Each structure stands twice: as C-alpha cells, then as structure tokens.
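Heads up: the structure comes next, in structure tokens.
No experiment lies behind these values; they were computed from the predicted model shown. Order of the sequence lines fixes the chain letters, A, B, ..., with proteins taken first and strands second; residue numbering starts at 1 for each chain.
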Amino acid sequence: MDRYEPLKIEQKWQKIWEKEEAFKASEEEGRPKMMLAEMFPYPSGAGLHVGHVRNFTIVDVLTRFYRQQGLNVLRPFGYDTFGLPAENYAIKTGTAPQEVTKENIANFRKQAKKLGYAIDWSREINTSDPEYYKWTQWCFLQLYKKGLAYQKESYQWWCPEDQTVLANEQVENGKCWRCGHEVEKKKMKQWFFKITDYADELLDEIDNLEWPDKIKTMQKNWIGRSVGSEIEFKLLASSFSGRSSRPSSRGSSLSPRSDCGFPSKEALTSLNSITVFTTRPDTILGATFIVVAPEYVGLEYIVSDDAREEVMKYKAEALKKSEIERQENKEKTGVFTGAYAINPATKEKIPIWVADYVLAGYGTGAIMAVPAYDERDREFAEKFDLPVVEAELIDRDLYGAPKVMYKMRDWLISRQRYWGCPIPIAYDKEGNPHPIPEDQLPVMLPEIEDYKPDASGRSALAKAKDWLKVEIDGEEMTRETDTLDGYACSSWYLWRYASPHDTEAAWDAEAIKYWEPVDYYCGGDHAVAHLLYIRFWCKFFADMGYLPFREPIKRLLYNGYINAPDGKKMSKSKGNVIDPLDVINDGYGADTLRTYEMFIGPYDLDAAWDTRSVGGVYRFLNRCYNLQEASTASNAAIRNKTIKKVTEDIHRYSFNTAVAALMEYVNELYKSGAEKEDLVVLAKLLKPFAPHLASEMLERLDSDDEWPKWDEKYLVADTVELVVQVNGRLRAKFEVPVDDLEDEDKIIKMVLDDKKVQKYTEGGIKKTIFVKKAKLINIVV
RNA sequence: GGCCGGGUGGCGGAAUUGGUAUACGCGUUCGACUUAAAAUCGAAUGGGGAAACCCGUACGGGUUCAAGUCCCGUCCCGGCUACCA
C-alpha cells in the first residue's frame, strides 16, 4: 500500500499547471463560455484566511466542473488594493503603501497557488496599478461628461478617526465601517456619482436576477421607493415676523432636499409656502400641524422673532448630536417655530414645529403631521399637546401632485485620503473644476513622505506641492487632492478581466461580448454597496454604448462565514484564528482543506471550524488514494447513481452533500471491490474538490478528466423495497420485483396476505393507499 | 419596532415535489492488527423497554390515509433595517 502524501502530489501538479499555463483562457467563437469570479480580495498582511478559502473554493469547484464538461471557462483573479489598512500601516511605519501592497500581493498569489486554484494567472489585475487606475479615471470622466459625477456642498458623514468623509453605505450603526469610530456630520463640498438617476431601473431589474432573495430584498430596501404626493402648505402671512424682505407676489415654494445643494438667496427671501412629502395624501383632513427638520433650509426665514432664539438653539443642539445619540433617544423632542401654515384641505391654520424626528435628507425635509393615522406624529402630538383629529379619508390626488421618493442618496465618492485613485480633476484660479484630458491619464499618485491626513478636510496629497500644479490648455491649474472611494475601483474590474492588458481601452468590446456578463459571482460581503454600484455602472456604460448588457452578474452566490471552533467570529485579538496554510503544512494538504470547507455545511450558511472533522476528510481522501482495482466487481448501479447525485448537487450548489455522496460511494466500493471504471469515475467526480489527488489518480489510470454521464437504465433496479405502513406507522418491508408495482391489486393482495401484516389488520381494514412513486402502502384500520 | 432566515441525536449536518426521520462526517464504545502506542481496518451508536412495542424534528393546536415539510398561535436564535412620513 502506497502512502498518501498530499504535499508531494500537490507540489507536483502545481508545477505542471504552472508550466503548462493550464487554465489560460481565450475567446473561441462558437464555443460556449463560462465566466466565474469571486469578489476579489483585499490583500492584507495576514495572508489568506479560511473565509477566502471557502469563497475561492466554491468558485474553483464550479470552474473545474464546467471545464470538465467541456465549456470554455474563464476564472480570473485580482486584488483590490487601495484602502485604509495599507495607508494606516504606512502612517505608522513610514513604509510606502506601494511597497506593502506589492509584498502582500506576492504572498496572496503564492498562497492561492498552494491551494491549486484553476486561475488564469495571465489576467491578474491590481486596482492600484497605474495601468489599471488610468481606466478608473477614464470611467470617472465618462460619468463627469454626462453630468453623473458632480460636486455639491452638504452635510456629510465624517469619520474623525480616519479624517475622511464616508458614503452612506459605509456608515454602520452610526459608526465608521473601517475603524468603528463614531461618525459626525460635517458640511463640505464633495464629489458624488448620481446613482439616483438609475434608482428605478436598479429596483425594477432586481426581480429578474438569479441572486439570493436576501440580497435582493436588502437592495430593494436600500433603494426604498415610496409612492406619494407633494403637497404645498401656504404660510400664513400674519405669522411672518415683520421681516423687511416680504415674500413678493412672485413667491415660490421650496422643496429642498437638504443634500441637494443650497437654494439661492432670492429663492429664500420669497419663501411663502412649505412643500411636504407624504405617502398618505388621503389623510390630509387630519393634518393638524407641520414639522420640519432642524436642517430645513428655509427654517430661519419661517421662524418668528419671538421663537427665533429657541429654534436656533434647538437646531444647533440637533446638529451637534451624534447619530448614536439620535438613535438611542427615541423620545420626541422639538420646538414651535411661531409660524403657521394653511391646511389646503381644511383651510385651517396649523402650527409649524421643528423636530429631529423629521429627517432633512428624505423627502422635502418637511412633513404634514397626521397624529390620527401616524404613530410618530401621535407621539409628538401627545407630548406637546397638539390636536388629534380623526378625520375621514379623501381622494389621494385632490391637493397634491403625485411624487416618487427614494431612500437611496447619491454616492459620495471623495475621500480625504492618500492611498486611493486620484480624481482626474483640476481647478482654475476661480475654483472651477476642469476634467484632466483623457490623453493626460493616468493622473499618477505621487510618492510622498508624510501620509498623515489632518482635520483640514484635504488629503495628504495637498502637501505634494509639485504634483498639485498642472497645465490644461495652456492654463495653470491646481489638482483635486481627494481620491476616489475604493468602491469606484471595484465597480468595473469584472470587465477589465476580459482584456486585462488592453492599453487602448478600459475593456475590449469583442472580448466583453464573448465572456460577459459574469455567469457566477461569489462572495460573502458587500450586499448593497459594491453589488449596487457595479449594477449602476453597468447600466451607465450600457447607455454609453460601451457594454452590450445591462446587468453585470447573472448568478450570485453569497457564501456564509467560517467561525472559530467556539462559534465566535475569528479574530486576532481573541486568538482563535485558524490559518489555512497551517492546515496544509501540518500535512493535510490543500485537497483536504478544500474538500473539508465544501463539506462543512451548506455554502450559504455560517459554519464553525472543527479541527477533528478535517481529519475525517483527510481519511476519506486517503481511502480514495488507496482504493485498489478488483476485477470481479460490478457496481454499475451505485456508480451511475453517484454520477447523477454529484452532478445534480453541484448544479444546485449543494457541495456538502456532493462530498457525502462520494464518501458513500467509496465506502461501498471498499465493500464490494472496485472496477477500473469505478476508480476512473471516482477520480473525475472528485477532481473539482481535490484536484491534485484526482489528477494523480487519473494519471495512474491513464484517463482524461471528462465529466462522466450517467445512464438512467442502471438506476432502475430489478427489485425494489416496498414499505408497508399501518395508520402511517412503518410495520413491514418487502422486496418485490419492480414490475409488480404496475399491478396494484397484486401488490395489495400480497401485502394483506402476509402474516406479519395481518397481525395489525385483524380488526378490519378501512382502506389502503398505494403510492407507486414512493413505493409505499398505507393501510388504514 | 419592522422585514427576512432558522430551531432535527452528544456535535456539524441530510431528507430536492407531503410518503421509510437522523444520509455523510465527527465523537463515543467494542473488536482486529501491534510487545505497546499511533495509524489503519471492522462492528455498534436517537431515547425508553427484557421483549412486544412506545416516545421522538422548539412548544400548543389544526389539515391529511400520511407532516421535519402545509396552515394558525406561542417561544427562542441569527441576519438586515431602524423615526424614510
């Protein structure tokens, strides 16, 4: 008996695959393709963790499965390298992020190769490579040209720890997604992508995607479409506080979304009404007061002189409150503005209040409060003793104009950080932005000495004096010092995979048309952010004529986490981290690690690591390796059954039961003895999970790796087991010829004549039910 | 608070369309090999009972010849979301 030495076998095959460039893919017109990818990793200094292995192995199992079925398969790989960890490390140690990133990539590559993934290594990409981010900048310019990249001043989330603004999607529970520090609101001029232009399409096409419902629902909720009305409430003239600049007869109404910029002075001085958004215009007869957000843009023009001091104090306090404080304290607060408006339906004079339970960023920042129908309004009315009127409902469209609102905001992309893709913009002496001409791309990220950001609201790039100067059309300009949100870099990388070395374009039209959209995309993170952004860019570039499809990802597999043996999240500080490279080097090898992580449980659920079960998988592979050929056996039935089971299980991503089926098969073969064909089929079915061992077995058997097909005729046995229940309880089993199942009378007679069955049926039989498909008889007595 | 998952042996889990609950693996016990151990191989393994049998998929009801699976109610766990008018 040979000893199974995984490390030796694995090294041998990894060398062969490397030398042969075994997984290099190229377009072949007419040959069906398959493109698969994982969410590319951020190459951290810690190297691969078991979560990466699960994620990458799922993709690899599918990759090899479809390769063995003869499809033209592309499985590329890349690195998402811009971001805070490398920069923070640079600040701490003075090592350039460029250097650290290079080392980390080299380590990730080495480790991924040790796991035997069927990657086309000629297509490696890295988002911080100027050859790559040149085209990220090009993408930005396309959006800019169409007005979908724009600047505006507004209150934004600011992380005082990381000294940068954050997108809404990067604020979790009022805390920074990276460092966990509480975020603040800060008024700043920032760059945005106008994702809201695509809100409707992003929402409507979700239902057509083969994605997990969980993700689809999260995206729907994030976009948050509400259908309602905007209704104008005229301000009561007498409520104005004798300001000299009276609203003119050409007065206008404001419907400001506070994050959409600031209205002109003229608009404000002519303010004579408030527009509210409501999903219940039919309840307007019960609207007994109006509430505006503390940040409401027209607030100081509405407020009466008597109330001014108190209102401004309330506003200042509300702005100071952190998001956490606002969340923790659900107790309603607010103050009366001293102003009144007219309810257009009842013609009654109703008071205008300011309260922080109304959000500035949603709708118009003002609501009509209907305490009889809305719980929050009722709470507020009760606390401040405002009238509650149980009014009847009316026709929705009588007093307002239908309007659709979204929770989703535009995507804030400026980051006041060094280690990111420079935004290809420069400013003239008047401060007007100008795009960097495409032929001057890439705007290189300069090497600097001091990476530390400060509270100035500008990135460390502001200190790179030479780099700041740029000449456009003969005019001296100053570069933008903010860098792009890393999510911008990852919003188009899947298309770069089609032609990763293209120097003429971000992606090659022909190559894209052949390979994409991506057939399978696998990851366990970024349910809304990345997966929404990439859909947005896809739709935009489709509109520009650069992409021949409007959804970038056909099928999404969202895998669960692997936790520590104690069920808790793995973390360095808890000291419960399992290093996948240790598992390999301990002698188990990559095949065991891969197969174990597929066997650990359903791919989409979290699972806890169990070191002893790793040994069980190793024993299984060892048994595969040592299974000897015996000439006498005939296992066509179990063999074909196993082919079918494994094939169908992989198709439905039930990797754990596919491995279990292979274990059963091997157990069976050890009992009955294996034919050569059994060994060949075993190796072929095993290959997606344990490719090195399977390759070794196939070489020994002198076989190719073509995926086997099953023949239904072997799955039909001569005899079947007939189950007999009495009142639903299992009482007897009979081995009967399969043909007898066609003759119900004969079967029932045979069963009722049986002594063992008669023991239960002495008292008389009410009826018998024969279920041919289940090979089951139920006798009711 | 709202929405979505989930609750099955000592443990991870299986049961795909309402039809034999607990596949496969771990663990445990016993046996073989060995001076011994490891490794490996074989057998047993939901609970109760001497047995016939009985009880068992969070809990309480219901539908059905038949329920882990469908319906109603309750409890617990996880995720997302969180004053979005």
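- Atom CD1 in A:Ile206 sits about 19 Å away from atom P in B:C3, given to the nearest Å.
- Checking A:Ile600 against A:Tyr618, the closest nucleotide of RNA chain B that is more toward the 5' end is the one next to A:Ile600.
- Considering only side-chain atoms of A:Arg731, the nucleotide from B:C80, B:U40, B:C54 that sits closest is B:C54.
- Taking atom NZ on A:Lys407 and atom C1' on B:C80, their separation rounds to 11 Å, with Å as the unit.
- Neither OP1 nor OP2 of B:A85 sits under 4.0 Å from any side-chain N or O of A:Tyr357.
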Spell out protein contact along nucleotides 14-26 of chain B as letters: B when the base is contacted, S when just the sugar-phosphate is, - when no protein heavy atom is under 4.0 Å; keep the 5' to 3' order.
SSBB-BB--BBSS
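- Separating the CG atom of A:Asp604 from the C1' atom of B:G12 is a distance of 15 Å, rounded to the nearest angstrom.
- When each of B:C41, B:A52, B:A85 is scored by its nearest atom to the side-chain atoms of A:Arg623, the top-ranked nucleotide is B:C41.
- Straight-line distance from the CG atom of A:Leu359 to the P atom of B:U81: 16 Å, rounded to whole Å.
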Dot-bracket notation for RNA chain B is requested: 5' to 3', Watson-Crick or G-U wobble pairs only, both distances under 3.5 Å, with ( ), [ ], | and . as defined.
(((((((..(((......[....)))((((((.......))))))(((....)))..(((((..]....))))))))))))....
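- Side-chain atoms of A:Arg409 come within 3.5 Å of backbone atoms of A:Lys407 as a donor-acceptor pair (strictly under, hydrogens ignored).
- Distances shorter than 4.0 Å separate some side-chain N or O of A:Tyr760 from OP1 or OP2 on B:C53.
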Please report the C-alpha distance between A:Thr657 and A:Ser654 in whole Å, then the side-chain angles of each, then the deciding distance to 0.1 Å, and finally whether the side chain to side chain donor-acceptor pair (under 3.5 Å) criterion is met.
CA-CA 6 Å; A:Thr657 55; A:Ser654 185; 2.5 Å; yes
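- When A:Asn635, A:Leu627, A:Thr642 are each tested for a side chain to side chain contact (heavy atoms under 4.5 Å, CB included) with A:Asp678, only one passes: A:Asn635.
- As a whole-Å value, the separation of A:Arg729 CZ from B:U64 P is 19 Å.
- Proximity of A:Lys767 to the phosphate of B:C65: a side-chain N or O atom is located under 4.0 Å from OP1 or OP2.
- Within 3.5 Å, a donor on the side chain of A:Lys332 pairs with an acceptor on the base of B:C83, or the reverse.
- Looking only at atom types and distance, the side chain of A:Thr275 has no donor-acceptor partner in the side chain of A:Glu230 under 3.5 Å away.
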